[in-house]
There are 2 protein chains.
Amino acid sequence: MKLSKTVQRKVIVDELRKLKCHPTADELYEVVRRRLPRISLGTVYRNLDVLSASGEILRLGIGKKQMCFDGDTSRHYHLVCRCCGAVDDIMPGDMGNVEKELDSKLAGRILEASVSFSGYCEKCASRVKRDAQLS
Amino acid sequence: MKLSKTVQRKVIVDELRKLKCHPTADELYEVVRRRLPRISLGTVYRNLDVLSASGEILRLGIGKKQMCFDGDTSRHYHLVCRCCGAVDDIMPGDMGNVEKELDSKLAGRILEASVSFSGYCEKCASRVKRDAQLS
DNA sequence: CATTAATTTAAGAATCATTATCAAAACACA
DNA sequence: TGTGTTTTGATAATGATTCTTAAATTAATG
């Protein structure tokens, strides 16, 4: 099956790449709708599917109810805040030797770029710490 | 709200701990049903909720359509096979200095025990390798 | 043990994210 | 431009999970 170039597909990729966050399908739908008011939510879902299958974008299954999507396909990680749900990027530079260690320890398996850690985002981490001091 | 001790709750925890795999709610329901034929799926869901909220079990959001659950709450990781969907355990001993590195790199954030890696399980990894040689 | 209040259950309805359906529109390509 | 393929929009269907309710079970208290 050949992939056609459609306006919808192009706008979806374009808007996703512009976003710094990791939107759900319906969040991206709201953004895309500003440029294509007639687009349907199903079209957004369908395109996020084919685009992630072809590797143009990332589909993030990070334990939330909804899938999230990421226009940045470079190797990086995610920290999902279990307090507020925010998804922060963790770039390879933040990881020290961790990547090298992982590669050697899991040699033979293919370790993919989209790995999620569960914890607290910076904002919630500081609030949690503050609350702990109060009690 | 106080947690009552019910037969259903006890059997659910018991059967989950006995399983080496990481079942979905309905998979565990089928197992539990052999001991409690009258139990309902909703009861399984409800108890998996309160049990994971209280930390007695783990709820794994590992990018699959359904949530998975783990009776082993000790610190360990998961490798989700993107070929067959299998969920393998990766124990701390398999991780070398990775944990120490992560702790120092993400200091101040609380890094939780249930972290999932995406890649191939051993079986699928060897088949992928074999297929690659053939082509 | 008996009474009363709180919690939990089973069954089924409801919700909501995602997928599927299908006729019409857009696209690819000769 | 014509023709076969792919995609779209609208909507229905699916399926995992949550909610609802009356009845049953459990906890707390005398």
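Lettering follows sequence order; numbering is per chain, from 1. As a basis for the values below, the full set of heavy atoms in this structure was taken, side chains included, without hydrogen atoms, waters or symmetry mates. Everything quoted here is computed from the prediction, not taken from an experiment.
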CZ of B:R9 to OG of B:S4, rounded to nearest 0.5 Å, is 6.5 Å
Rounded off to whole Å, could you give me the CG-to-P distance for the B:L36 and C:dT9 pair? 10 Å
With a cut-off of 6.0 Å (strictly less than), are more than 12 heavy atoms of other residues, nucleotides or ligands near NZ of A:K18? yes
Trace of the side chain to side chain contact (heavy atoms under 4.5 Å, CB included) decision for B:D89 with B:Y77: CA-CA 6 Å; B:D89 283 325; B:Y77 304 86; over 6 Å; no
Short N/O separations, protein against nucleotides 16-22 of chain D, under 3.5 angstrom:
unit_1, atom_1, unit_2, atom_2, d
D:dT17, OP1, B:M67, N, 2.8
D:dT17, OP2, B:Y45, OH, 2.3
D:dT17, O5', B:Y45, OH, 3.4

Donor-acceptor pair, side chain of B:T43 and main chain of B:I39, under 3.5 angstrom: no
Here the residues of residues 10-20 of chain A within 4.0 Å heavy-atom distance, strictly under, of DNA chain C are none
Using a 4.5 Å cut-off on heavy atoms from C-beta on, say whether the side chain of B:V87 contacts that of B:L79. no
Rounding to an integer number of Å, can you tell me how far B:R33 CZ sits from C:dT9 P? 16 Å
Can you check the B:E27 CD to D:dG15 P distance for me, whole Å? 16 Å
Whole Å only: how far is the CZ atom of B:R9 from the C1' atom of C:dA6? 13 Å
Whole-Å distance separating the CG atom of A:L51 from the C1' atom of D:dT7: 13 Å
Does some side-chain heavy atom of B:D14 sit less than 4.5 Å from a side-chain heavy atom of B:R35? yes
Give each protein N/O atom lying under 3.5 Å from an N/O atom of nucleotides 26-30 of chain D, with the pair distance.
unit_1, atom_1, unit_2, atom_2, d
D:dA27, OP1, B:K5, N, 3.2

On DNA chain C, does the nearest nucleotide to B:R38 precede the nearest nucleotide to A:F69 from the 5' side, or the other way round? Give the residue. B:R38
Do A:E15 and A:R34 pass the salt bridge (Lys or Arg N to Asp or Glu O under 4.0 Å) test, and can you show the C-alpha distance, the side-chain angles, and the key distance before you say yes or no? CA-CA 10 Å; A:E15 291 298 326; A:R34 298 206 279 264; over 6 Å; no
Donor + acceptor pair across side chains of B:H76, B:D70 (<3.5 Å): yes
Quick one: are A:T24 and A:M67 in side-chain contact, heavy atoms under 4.5 Å? no
Mind checking whether A:F69 and A:L60 have side chains closer than 4.5 Å, heavy atoms only? no
Answer whether the closest heavy-atom distance between the side chains of A:I62 and A:C68 falls below 4.5 Å. yes
